[in-house]
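Quick note: numbers below take in every heavy atom, side chains included, and nothing from hydrogens, waters or symmetry partners. Below, chains carry the letters A, B, ... as their sequence lines are ordered, and counting in each starts from 1.
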2 protein chains.
Amino acid sequence: MDTIERDTSGLPADVLNPNCPSRVIFQRIGDKWASLVVQVLAEGPVRFSDLRKMVSVVTPKVLTQTLRSLERDGLVTRTVHAQVPPRVDYELTALGRSLLDPLALLRAWAESHVPAILAARDAYDDAQDEALLG
Amino acid sequence: MDTIERDTSGLPADVLNPNCPSRVIFQRIGDKWASLVVQVLAEGPVRFSDLRKMVSVVTPKVLTQTLRSLERDGLVTRTVHAQVPPRVDYELTALGRSLLDPLALLRAWAESHVPAILAARDAYDDAQDEALLG
DNA sequence: CAGGATCCCGATAGATACTG
DNA sequence: CAGTATCTATCGGGATCCTG
């Protein structure tokens with residue numbers, strides 16, 4: 001049951017393995033809103049409507065979906081306060097908080113290298129144009 | 001032109017800003033195959049067909065798309081060797097290699113916490129089932 | 001306020017077949 | 001070998017409307 005197939009070619013890493021857990025992560029990180037929500041929740045509990053404002057423009061449906069999946073994965077807790085008007089707080093679990101560091105590193109990479117990426121894009125696109133013009 | 005709008009609510013982080021560069025990154029990382037390809041290229045240059053084998057099952061079309069976008073972003077170089085049969089090598093640039101560390105951290109997180117995530121999912125799903133059964 | 005229910009659409013992955 | 005071309009199927013995301 002627990003046997004995990006290793007590649008037979010002697011290649012490194014399990015990234016190659018479709019069963020590799022890292023794929024699960026990249027799915028979550030890759031989610032358009034999930035990683036943003038996690039980072040917004042870094043400071044502490046936030047209620048639904050505030051979350052909506054903080055995460056640029058996301059529709060309630062999509063935000064709900066995102067939060068549900070995060071909750072299902074044990075990264076976020078959902079707390080309903082029995083009061084009128086209703087109030088629902090979302091907060092990171094310990095598991096969710098453990099993701100903050102890797103995420104922060106990624107953000108740091110982003111902020112320091114995005115200019116280079118954008119420059120590369122321009123250069124690439126220019127080269128393409130030139131090629132077309134002959 | 002360079003003015004970047006800050007949130008007026010005194011909230012932290014630029015994640016909230018749609019113009020925030022981190023979004024560019026999460027797009028790239030979130031790409032189903034891009035981050036996998038980058039990690040596979042960590043060891044050194046790899047040719048197209050080998051890449052196909054290494055990155056589980058990806059169609060040539062999609063792999064090409066992925067490589068093009070990585071090339072455009074300056075993370076990967078494409079080298080065509082004029083010979084028969086054709087040989088094309090893909091290799092990380094310095095920029096691409098600089099992404100390896102953040103990626104590795106994410107993978108480490110994945111591999112250590114995925115069991116917890118899967119357990120959380122089971123628990124969540126069970127709770128859902130129970131709720132339905134009354 | 002915090003969402004659930006629907007309908008819809010554009011982007012994209014994948015399968016298949018073909019080419020320099 | 002290293003792709004390109006085409007078609008199709010799927011799906012996340014958004015818009016809109018409604019409710020406990």
With a 4.0 Å cutoff (strictly under), does any side-chain N or O of B:Arg47 reach OP1 or OP2 of D:dC1? no

Touch class at under 4.0 angstrom, heavy-atom based, for B:Arg68 against every strand present: sugar-phosphate

Which of the following nucleotides, C:dA2, D:dG3, C:dA13, is nearest to the side chain of A:Val88? C:dA2

Salt bridge or not for A:Asp125 and B:Arg72, using N-O below 4.0 Å? yes

Is there a donor and acceptor pair closer than 3.5 Å between the side chain of B:Lys61 and the base of C:dG14? yes

Select one nucleotide: of D:dG13, C:dA13, D:dA2, the one nearest the side-chain heavy atoms of B:Val62. C:dA13

If the threshold is 4.0 Å, N to carboxylate O, is there a salt bridge linking A:Asp89 and A:Arg87? yes

Using atom NE2 of B:His81 as one end and atom P of D:dA2 as the other, report the distance to the nearest whole Å. 10 Å

Check for a donor-acceptor pair, side chain of B:Trp33 on one end and backbone N or O of B:Val58 on the other, with a separation under 3.5 Å. no

A:Phe48 CZ to D:dT19 C1', straight-line distance once rounded to whole Å: 14 Å

Please give, in whole Å, the distance from C:dC1 C1' to A:Leu51 CG? 14 Å

Starting at atom CG of B:Asp50, determine the distance to atom C1' of D:dG3, rounded to an integer number of angstrom. 15 Å

D:dG3 OP1/OP2 closer than 4.0 Å to side-chain N/O of B:Arg78: yes

Whole Å only: how far is the CG atom of B:Leu63 from the P atom of C:dT16? 18 Å

For A:Gln65, answer base if it contacts any base atom (sugar-phosphate contacts may also be present), sugar-phosphate if it contacts only those atoms, and nothing otherwise; contact means non-hydrogen atoms under 4.0 Å. nothing

Identify, between B:Thr64 and A:Asp31, the residue whose nearest nucleotide on DNA chain D lies closer to the 5' end. B:Thr64

Starting the side chain at C-beta, find the nucleotide from C:dG3, C:dA13, D:dG3 nearest to A:Tyr90. C:dG3

Under 3.5 Å, is there a donor-acceptor pair between the side chain of A:Thr93 and the main chain of A:Gly74? yes

In terms of side-chain heavy atoms of B:Pro60, which of C:dC1, C:dA15, D:dT4 is nearest? D:dT4

Report yes if at least one side-chain N or O of A:Thr59 is closer than 4.0 Å to OP1 or OP2 of D:dG13; otherwise report no. no

Measure from CD on B:Gln83 to C1' on D:dC1 and round the result to the nearest Å. 10 Å

Beyond-backbone contact of B:Leu99 with B:Ile29, side-chain heavy atoms, under 4.5 angstrom: yes

Once you round it to whole Å, what is the distance between C1' of D:dC1 and CZ of B:Arg52? 11 Å

Taking only side-chain nitrogens and oxygens of A:Trp33, does any of them come within less than 4.0 Å of OP1 or OP2 of D:dG14? yes

Value in whole Å for how far the P atom of C:dG3 lies from NZ of A:Lys53: 14 Å

